[in-house]
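Letters A, B, ... mirror the listed sequences (proteins, then strands); counts begin at 1. In this text the structure is predicted, and so the values were computed from the model without any measurement.
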Protein chains: 2
Amino acid sequence: MALTRDAIVDAAEAILDEYGLADLSMRRVADLLGVQAGALYYHLPNKQTLLAAVADGILGAMGQADTLQGWATEYRRLLLGRRDAAELVASTRAMGLGEVDPTAPARGLVPTERAGDVLATFEHFVLGATLHDQTQAQLGALGVVRGFDEAAAEATFQEGLRILSRGVGIFTT
Amino acid sequence: MALTRDAIVDAAEAILDEYGLADLSMRRVADLLGVQAGALYYHLPNKQTLLAAVADGILGAMGQADTLQGWATEYRRLLLGRRDAAELVASTRAMGLGEVDPTAPARGLVPTERAGDVLATFEHFVLGATLHDQTQAQLGALGVVRGFDEAAAEATFQEGLRILSRGVGIFTT
DNA sequence: ACCTGAACACCGTTCAAGT
DNA sequence: ACCTGAACACCGTTCAAGT
């Protein structure tokens, strides 16, 4: 069944969903595909590239938005929808890997020359907040930490977006 | 020279500074102390606890601030001052480890009942932005990525703080 | 061209045994 | 009480050798 790059990325996604980022190893991916670990390196240069491809798969689902808040909320929703996605995306975005730019659908929404700064600010907030909340949610699910309130975290996130949006008014109003 | 918890944390800090978080292993720390890796577990339950202690060492330097922007700027400065500190602190803060609360010195600066949300928003922005910039700076230093402009990153960060601060005005004015 | 087998140089953690 | 030695169960990556 001919090992391909796509098959490897799919296997990595399956392992991410079932075991999490910490257990997503090249050897586990190879095992799932019934192949030796070394075989993966014929199709991919290294693990980073594989992780970036998985991140692209997640970010590829970003659709058009008509407000900055809507865009940020969808970005967060996408990350929360997949195990450890906030950590994965935060690190691939920080390293500048990945082909998909999740800020692209928000480009037209900031009618100012400072658009780059505004989008960077929103993205850093989304990644920082969601990394925190997703980690807490997972610790809560394991019973390691008690009383993580998902609704409260969402409310705090929306409050943050309101603060940011009000502040952006410097430019737009 | 009696191995102590403090000596282990100091050694870990030294390795962080010289080799970075990826190369900060229990075995390396033990080597630096001239001891077997297993010996560390007599003084610390696991690596997470050690990393949390190192993070506390960094965050312990936070001083009093008299504006939210000043507090956020010092938080960032502290993180940028130590190799991989943004990644280290972002993860220990997300997991709720560490004894030191870096938001404590900013408590009195937000005279509203939504103070918790405001501080969380600022911290998530600081961690998200600084994680990004510190990663880029390190990739730039390695020549992996070209043209990371530190001054531009700082300007974008300050622009983000201005947006946030303006937005907080909802409450304070 | 594509994959195996085996190696290299590592990990975090545990634990009987020594002092 | 404190540490060693050795093991367990892993890592990412490389590369000669096979097909």
Side-chain angles (χ1 to χ4, degrees), chain A residues 1-55 83-84 87-88 91-92 94-95 97-98 135 138-139 142 144, chain B residues 1-55 83-84 87-88 91-92 94-95 97-98 135 138-139 142 144:
Chain A
M1 24 186 150
L3 195 57
T4 63
R5 199 191 121 110
D6 280 357
I8 296 170
V9 174
D10 286 352
E13 275 171 7
I15 287 169
L16 181 65
D17 286 342
E18 227 177 327
Y19 303 102
L21 190 59
D23 288 338
L24 172 42
S25 69
M26 296 300 269
R27 287 168 196 266
R28 256 177 197 267
V29 172
D31 273 3
L32 184 60
L33 292 164
V35 90
Q36 293 292 316
L40 305 181
Y41 290 85
Y42 193 86
H43 303 273
L44 292 160
N46 49 47
K47 187 181 178 181
Q48 288 288 12
T49 304
L50 175 55
L51 293 180
V54 174
R83 172 115 88 130
D84 292 328
E87 189 184 341
L88 173 65
S91 104
T92 58
M95 314 221 320
L97 302 176
T135 303
Q138 269 156 202
L139 292 177
L142 291 174
V144 179
Chain B
M1 22 185 152
L3 194 57
T4 62
R5 198 191 123 111
D6 279 359
I8 296 171
V9 175
D10 285 353
E13 275 172 8
I15 287 170
L16 181 65
D17 287 342
E18 228 177 328
Y19 302 102
L21 190 58
D23 288 337
L24 172 42
S25 69
M26 297 300 270
R27 287 166 196 266
R28 257 177 197 268
V29 171
D31 274 2
L32 184 60
L33 293 164
V35 90
Q36 292 294 315
L40 305 181
Y41 290 84
Y42 193 85
H43 302 274
L44 292 160
N46 49 46
K47 188 181 178 182
Q48 288 289 10
T49 303
L50 175 55
L51 294 179
V54 174
R83 171 114 88 130
D84 293 326
E87 189 183 341
L88 173 65
S91 103
T92 58
M95 313 219 320
L97 302 176
T135 303
Q138 270 157 201
L139 292 176
L142 291 174
V144 178

Note to self: Could you go through B:Val35 and B:Leu40, starting from their C-alpha distance and side-chain angles, then the distance that decides it, and tell me whether this counts as side-chain contact (heavy atoms from CB on, under 4.5 Å)?
What the structure shows: CA-CA 8 Å; B:Val35 90; B:Leu40 305 181; 4.3 Å; yes

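- Distances shorter than 4.0 Å separate some side-chain N or O of A:Tyr42 from OP1 or OP2 on C:dC2.
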Notebook entry, point to check: For DNA chain D, what string of dots and brackets results from 5' to 3' when Watson-Crick and G-U pairs need both distances under 3.5 Å, crossing pairs get [ ], and pairs with another strand get |?
Noted result: ||.|||||...|||||.||

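- The minimum heavy-atom distance between B:Leu3 and B:His43, with the atom names listed, is O-CE1, 3.0 Å.
- Following rounding to the nearest Å, A:Leu40 (CG) and D:dC11 (C1') show an atom-to-atom distance of 14 Å.
- Atom CD1 in A:Ile8 sits about 11 Å away from atom C1' in C:dC3, given to the nearest Å.
- Across D:dA16 and C:dC2, the matching C1' atoms stand 14 Å from one another, rounded to whole Å.
- Summarising the geometry of B:Ala11 relative to B:Val29, their closest heavy-atom pair is CB-CG1, 4.0 Å, with the distance given to 0.1 Å.
- B:Met95 and A:Thr135 get closest at one heavy-atom pair: CG-CG2, 3.9 Å.
- Look at the C1' atom in both D:dA9 and C:dC10: the space between them is 13 Å, to the nearest Å.
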Next item on the list: Begin with the C-alpha distance, continue with both residues' side-chain angles, and end with the deciding distance and a verdict on side-chain contact (heavy atoms from CB on, under 4.5 Å) for B:Leu51 and B:Leu97.
Entry: CA-CA 9 Å; B:Leu51 294 179; B:Leu97 302 176; over 6 Å; no

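- The two residues B:Gly98 and B:Ala52 have their closest heavy-atom pair at N-CB, 3.8 Å.
- Minimum interatomic distance between A:Met26 and A:Asn46 (heavy atoms only, all atoms of both residues): CE-C, 4.4 Å.
- In this structure, A:Leu33 places its CG atom 15 Å from C1' of C:dT4, rounding to the nearest Å.
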Note to self: If you apply the rule side-chain contact (heavy atoms from CB on, under 4.5 Å), what do you find for A:Gln138 with A:Asp84, and how did you get there?
What the structure shows: CA-CA 9 Å; A:Gln138 269 156 202; A:Asp84 292 328; 2.8 Å; yes

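- Among C:dC3, C:dG12, D:dC2, the nucleotide with an atom closest to any side-chain atom of B:Met26 is C:dG12.
- Checking side-chain atoms of B:Arg83 against main-chain N and O of B:Glu18 turns up a donor-acceptor pair under 3.5 Å.
- Near-neighbour residues of DNA chain D inside residues 43-53 of chain B, defined by a heavy atom below 4.0 Å, number-ordered: B:His43.
- Minimum interatomic distance between A:Ala53 and A:Val9 (heavy atoms only, all atoms of both residues): CB-CG2, 3.8 Å.
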Could you go over nucleotides 5-10 of chain D and give all protein N or O partners under 3.5 Å, atom names and distances?
none

Next item on the list: Determine, stepwise, if the pair A:Thr92 / A:Val54 fulfils side-chain contact (heavy atoms from CB on, under 4.5 Å).
Entry: CA-CA 10 Å; A:Thr92 58; A:Val54 174; over 6 Å; no

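- Checking D:dC3, D:dT14, C:dT14 against the side-chain heavy atoms of B:Tyr41 singles out C:dT14 as nearest.
- Taking for each of A:Asp23 and B:Ala37 the nucleotide of DNA chain D with the nearest heavy atom, the 5'-most of the two is the partner of B:Ala37.
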